[in-house]
Amino acid sequence: MLGLMQDQPLAISSLIEFAARHHHDGQIVSRRVEGDIHRYTYREAAARSRQVAAALDRLGLAFSERVATLAWNGYRHFELYFGIAGSGRVVHTLNPRLAPEQLVWIANHAEDRVIAFDLSFLLLIKAVWRQCPTVKHWIALCEPGALPSDSGIDGLQSYEAWIAGQSDTYAWPVFDEKSAAILCYTSGTTGNPKGALYSHRSTLLHAWAVALPDAISLSARDSILPVVPMFHVNAWGIPFAAAMTGARLVFPGAALDGKSVYELLESERVTMAAGVPTVWLMLLNHVKQNGLKFTHMRRTLIGGSACPPAMIKSFRDDYDVTVLHGWGMTEMSPVGTVCNLKLAQLALEPDAQLAILAKQGRALFGVEMRIVGPDGRELPWDGQASGDLHVRGPWIVSGYFRGEGGDPLVDGWFPTGDVASIDADGFLQITDRSKDVIKSGGEWISSIDIENVAVAHPAVAMAACIALPHPKWGERPLLVVVKKPGAEVSRDDLLHFYTGKVAQWQVPDDVVFVETIPLGATGKMQKNKLREQFKGHRLPG
Ligand code: ADP
């Protein structure tokens, strides 16, 4: 016997319609690439999303055809998300931090029909547009007056001219909730990038789970600033979760330096922000150097790479801001876990709480996890055993776009490529990416643990720990360090700093100081580049 409940497909268009109806005057604030601050409401965003949908119909785009965006976080990008997906096409977010040849490869693989881009990427588009034969329409996210007349790009038009005159009473089509909605390619550090193809259903379920109290607890009383880009993994689903809850949205545009982000946090009374540790480092430095405080911000979601405990502690003890450490990946839409304490843990001492908050947190409802050993057997959740982390759930990939890379699943589970432990309370702790873990004399050293100690040193801005080949031990750790401006610390001081913090055999064999550590397109340290750079480095002893 079936239940007697209405069979309504979950649709991305319903999010913006809900926001327009229930939070019609809810604000969306954007720092535009033009430099000024733009403000409007969910009602206006919905109307313009409908105009985007109508404009796409006008272009004659078929169901499921790909419409790409190459843009910062801003209101036009937000409208495109809903207009494209809501009308049954697929939003393909292109990451402008990728090399031009990678962008071309991805646009061709996705067979994009339209690319909508911020004018700040005009030079990039000029360099690549001829190599994207499937793209028939180029749309610059600007007023007609700002459109360069001599761009040489065939079919270029301004976004505002493109949607002007389109009806804003568009009726959203109804279709299968499993239809493709959004396409996002993995960064492809090994092999070609692979496309994770999210559906309407997966996107809504993910947004629902992300908004829950034990995830980021988003509500109509929040003002949220996603520094995490909409051009990669949908800014962790925040635009959708915000529309679902009516939270005020504050988009930072291209200005991601500490000063600009801080100004917006204050002027827009932001209660919650989300970003990767490298961006938050810039913010914290700015706030510290200028003796500032956060007037409104009470919590921040940090993930994408391990958030050092020193950062979590500083946010808590110096600024009264709770860090929600999250973990996930492109293949998981992207959020898998978020760290929030349980009731019994509220009675613990601050240091004991910090030890828990430094973990990557508990699975959202909908995400199943398991850790397995080398023999494929499941390992216990005791906080000690660490193994390959597998996940499954309704917003986790079952395969990649156009079958790239074959079937990724093992017995129905997706192997994340991360090594982790899980404690009896279900808190996940990522030891490492399996390719970054350091295998020394049959034991594993977590590069994350070693880095966390280094960045707790007051003179260290950033640290990466990589494996170097070693004749006796197989591999040994090398620590690569960027010092804070004007700060001094010697190799020996830093190695001494490890005493009592990790086992003696885990202390790095050597330290090298560098000006910068290369970051990838999603703000992660590129350890493969460091391994290449230091492959000839001779470890002492
Ligand atoms: P994204 O594209 O969202 O940056 P990727 O798929 O490129 O994600 O990378 C996901 C990987 O990033 C994870 O498999 C994990 O290795 C790493 N990662 C993400 N969040 C964390 C975290 N909080 N702690 C440690 N590693 C993390």
Side-chain angles (χ1 to χ4, degrees), residues 93-95 97-98 102 106 182-196 198 206 210 215-216 226-238 274-280 300-309 311-312 323-340 356-364 367 369 371 386 388-391 395-397 400 405 408 414-422 427-437 446-452 455 464-465 519-528:
T93 49
L94 284 165
N95 183 341
R97 296 205 179 110
L98 293 174
Q102 262 180 315
I106 290 175
I182 307 166
L183 178 62
C184 177
Y185 281 73
T186 60
S187 314
T189 39
T190 49
N192 281 329
K194 298 193 280 289
Y198 314 127
H206 175 264
V210 162
I216 69 171
V227 176
V228 285
M230 291 172 70
F231 59 66
H232 189 65
V233 285
N234 313 319
W236 298 347
I238 288 169
V276 296
T278 40
V279 171
W280 262 200
T300 171
L301 177 64
I302 302 186
S305 27
C307 181
M311 184 179 277
I312 301 177
V323 169
L324 308 173
H325 194 190
W327 165 85
M329 58 199 309
T330 310
E331 287 89 339
M332 300 177 70
S333 300
V335 184
T337 63
V338 179
C339 199
N340 278 285
I356 300 168
L357 291 170
K359 297 187 177 190
Q360 279 74 5
R362 290 179 282 121
L364 306 185
V367 174
M369 311 189 288
I371 40 174
S386 91
D388 291 327
L389 176 62
H390 293 181
V391 290
W395 57 83
I396 294 164
V397 288
Y400 292 101
F414 177 75
T416 61
D418 286 336
V419 179
S421 63
I422 305 175
F427 286 78
L428 172 78
Q429 180 157 27
I430 302 286
T431 313
D432 238 320
R433 275 198 153 175
S434 54
K435 57 183 184 300
D436 291 336
V437 79
S446 155
S447 66
I448 294 177
D449 284 352
I450 305 302
E451 289 155 8
N452 281 345
V455 294
C465 183
L519 298 179
T522 57
K524 293 186 215 297
M525 297 190 287
Q526 289 182 300
K527 293 193 187 171
N528 49 345

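All ligand and atom numbering here is 1-based and tracks the order in the structure.
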Chemist: Quick one: look up the protein heavy atom nearest atom 20 (N) of ligand 1 and list residue, atom name and how far away it is.
Modeler: Gly304 N, 3.1 Å
Chemist: Please test Thr416 against Met329 for side-chain contact (heavy atoms from CB on, under 4.5 Å), starting from the C-alpha separation and ending with a verdict.
Modeler: CA-CA 8 Å; Thr416 61; Met329 58 199 309; 3.7 Å; yes
Chemist: Would you please determine whether Thr186 falls within less than 4.0 Å of ligand 1 on a heavy-atom basis?
Modeler: no
Chemist: Give the residue, atom name and distance (to 0.1 Å) of the protein heavy atom nearest atom 12 (O) of ligand 1.
Modeler: Lys524 NZ, 3.1 Å
Chemist: Throw together a table of side-chain donor-acceptor distances under 3.5 angstrom for residues 330-340, partners on residues two or more places apart or in other chains.
Modeler:
unit_1	atom_1	unit_2	atom_2	d
Glu331	OE2	Tyr400	OH	2.7
Ser333	OG	Trp395	O	2.7
Thr337	OG1	Gln360	O	2.7
Asn340	ND2	Asp214	O	2.7
Asn340	ND2	Ala215	O	3.0

Chemist: If you measure from CZ on Arg97 to NE2 on His232, what distance do you get to the nearest 0.5 Å?
Modeler: 10.0 Å
Chemist: Look at ligand 1 and say whether Gly417 reaches it with a heavy atom at a distance under 4.0 Å.
Modeler: no
Chemist: At what distance is the nearest protein heavy atom to atom 2 (O) of ligand 1, and which residue and atom is it?
Modeler: His232 NE2, 2.3 Å
Chemist: What pairs with Phe427 under ring-ring contact (aromatic ring centres under 6.0 Å, His included), at least two apart in sequence or on another chain?
Modeler: none
Chemist: Just let me know how Thr522 lines up against ligand 1, side chain, backbone, both or neither, with a heavy-atom cut-off below 4.0 Å.
Modeler: side chain
Chemist: Is ligand 1 less than 4.0 angstrom away from at least one heavy atom of Gly326?
Modeler: yes
Chemist: How far is atom 11 (C) of ligand 1 from its nearest protein heavy atom, and which residue and atom is that?
Modeler: Arg433 NH2, 2.8 Å
Chemist: Which of the numbered atoms in ligand 1 are under 4.0 angstrom from any heavy atom belonging to Met329?
Modeler: 6 (O), 8 (O), 10 (C), 14 (O)
Chemist: What closest approach, in Å, do Val397 and Ala196 show between heavy atoms, and which atom pair accounts for it?
Modeler: CG1-CB, 3.8 Å
Chemist: Look at atom 24 (N) of ligand 1 and say which protein heavy atom is nearest, naming residue and atom and giving the distance to 0.1 Å.
Modeler: Gln360 NE2, 2.8 Å
Chemist: Using heavy-atom distances only, which candidate in Gly303, Ala306, Cys184 approaches atom 26 (N) of ligand 1 most closely?
Modeler: Ala306
Chemist: Step by step, would you call Met525 with Leu519 a side-chain contact (heavy atoms from CB on, under 4.5 Å)?
Modeler: CA-CA 5 Å; Met525 297 190 287; Leu519 298 179; 4.0 Å; yes
Chemist: Among all the protein's non-hydrogen atoms, which is closest to atom 13 (C) of ligand 1, and how far away is it?
Modeler: Asp418 OD2, 3.2 Å
Chemist: Of all the heavy atoms in Met332, does at least one lie under 4.0 Å from an atom in ligand 1?
Modeler: no
Chemist: Under 4.0 Å from a heavy atom of Val233: give me the atoms of ligand 1 that qualify, with their elements.
Modeler: 3 (O)
Chemist: What heavy-atom pair brings Ala235 and Pro226 nearest, and what distance separates the two atoms?
Modeler: CB-CB, 4.3 Å
Chemist: Please evaluate residues Leu389 and Leu428 with respect to the criterion side-chain contact (heavy atoms from CB on, under 4.5 Å), reporting the C-alpha separation (whole Å), side-chain torsions for both, the decisive distance (0.1 Å), and the verdict.
Modeler: CA-CA 10 Å; Leu389 176 62; Leu428 172 78; 3.8 Å; yes
Chemist: Report the C-alpha distance between Trp280 and Val323 in whole Å, list the side-chain angles of each, state the deciding distance to 0.1 Å, and finish with yes or no for side-chain contact (heavy atoms from CB on, under 4.5 Å).
Modeler: CA-CA 11 Å; Trp280 262 200; Val323 169; 6.0 Å; no
